Amino acid sequence: MKKIEAIIKHFKLDEVRDALNKIGIQGMTVTEVKGFGRQKGHMEVYRGVEYEVKFLPKVKVEVAIPAEKLEQVITAIQENAKTGEIGDGKIFVSPVEEAVRIRTGERGKEAL
């Protein structure tokens with residue numbers, strides 16, 4: 001099993017969710033996050049005063065998947081989160097040792 005964490009632009013969330021649903025990924029966790037990478041923030045004006053926004057709002061999508069779906073999920077996220085602009089985000093993959101469905105006690109792939 002693998003855990004995928006994808007940091008994406010917030011307006012791409014629905015497209016990514018729909019793409020994952022189409023390939024059989026049933027659940028995900030979504031968190032609003034702030035951060036920066038190569039974008040390094042930007043300048044904004046509020047009531048005539050210019051200020052620097054150092055941390056940009058993003059969305060973190062987390063999914064636990066069977067290892068055999070890894071490339072399919074990465075492709076779906078990458079194709080649907082891409083705008084072609086700097087700041088499109090990143091995808092991180094980690095191993096998952098165990099998953100347990102609390103309600104039924106199912107373990108491993110069955111718990112996903």
Side-chain angles (χ1 to χ4, degrees):
M1 292 179 293
K2 300 290 185 179
K3 178 181 178 185
I4 295 182
E5 295 179 52
I7 311 297
I8 63 173
K9 292 182 176 184
H10 66 281
F11 60 87
K12 290 300 221 169
L13 178 59
D14 287 338
E15 292 175 48
V16 169
R17 183 194 65 219
D18 293 344
L20 292 176
N21 281 336
K22 284 180 185 172
I23 61 172
I25 303 304
Q26 297 177 353
M28 67 176 60
T29 301
V30 177
T31 311
E32 292 185 19
V33 295
K34 290 184 179 186
F36 72 91
R38 291 185 178 151
Q39 274 180 295
K40 305 271 194 271
H42 63 274
M43 299 300 287
E44 287 191 4
V45 177
Y46 178 72
R47 294 189 177 186
V49 178
E50 191 174 65
Y51 66 98
E52 183 178 12
V53 177
K54 294 183 181 180
F55 294 97
L56 301 173
K58 302 284 182 164
V59 174
K60 179 166 73 169
V61 176
E62 298 174 89
V63 292
I65 60 166
E68 58 269 12
K69 287 200 171 221
L70 180 62
E71 287 306 317
Q72 194 177 9
V73 170
I74 288 173
T75 300
I77 294 171
Q78 189 173 13
E79 288 176 355
N80 288 278
K82 184 177 181 177
T83 66
E85 300 293 323
I86 192 167
D88 274 351
K90 294 265 192 320
I91 300 171
F92 302 98
V93 179
S94 305
V96 173
E97 291 185 28
E98 183 67 277
V100 179
R101 185 182 308 266
I102 294 172
R103 179 177 55 86
T104 62
E106 293 170 292
R107 292 178 170 263
K109 289 181 192 177
E110 291 77 31
L112 300 178

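This is a predicted model, so every value here is computed, not measured.
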Is there a continuous path of hydrophobic side-chain contacts, each under 4.5 Å between heavy atoms, that joins I91 to V16? yes
Quick one: CD on E71 to CD on Q78, what's the gap to the nearest 0.5 Å? 9.5 Å
Flag for T83-E85: side-chain donor and acceptor within less than 3.5 Å: no
Any residue meeting side-chain contact (heavy atoms from CB on, under 4.5 Å) with E32, in chain and number order, not counting sequence neighbours: none
Under the 4.5 Å side-chain heavy-atom rule for ILVMFWY, direct or indirect, which residues accompany M1? V96, L112
Apply side-chain contact (heavy atoms from CB on, under 4.5 Å) to E68 and list each qualifying residue two or more places apart in sequence or on a separate chain. P66, K109
Can you hop from L56 to I7 via hydrophobic side chains spaced under 4.5 Å? no
Could you measure the distance from the NZ atom of K58 to the NZ atom of K34? Nearest 0.5 Å is fine. 13.0 Å
So, taking the atom named CE in M28 and the one named CD1 in I4, what distance separates them when rounded to the nearest 0.5 Å? 10.5 Å
Supply the members, apart from F11, of the Ile/Leu/Val/Met/Phe/Trp/Tyr cluster built from side-chain contacts under 4.5 Å; use none for a lone residue. none
Between R101 and E110 (side chain of the first, backbone of the second, donor and acceptor by atom type, cut-off under 3.5 Å), is there such a pair? yes
Sorted by chain and number, sequence neighbours left out, side-chain contact (heavy atoms from CB on, under 4.5 Å) with E62 holds for K3, E5, T29, T31, K60
Quick check: is V59 connected to F92 through a chain of hydrophobic side chains (ILVMFWY, heavy atoms under 4.5 Å apart)? no
d(I23 CD1, I65 CD1) to nearest 0.5 Å is 7.5 Å
Under 3.5 Å donor-acceptor, K12 side chain and D88 backbone: no
When hydrophobic residues are tied together by side-chain contacts of less than 4.5 Å, even through go-betweens, does I77 share a cluster with V33? no
Residues in side-chain contact (heavy atoms from CB on, under 4.5 Å) contact with A19, at least two apart in sequence or another chain: A76, N80
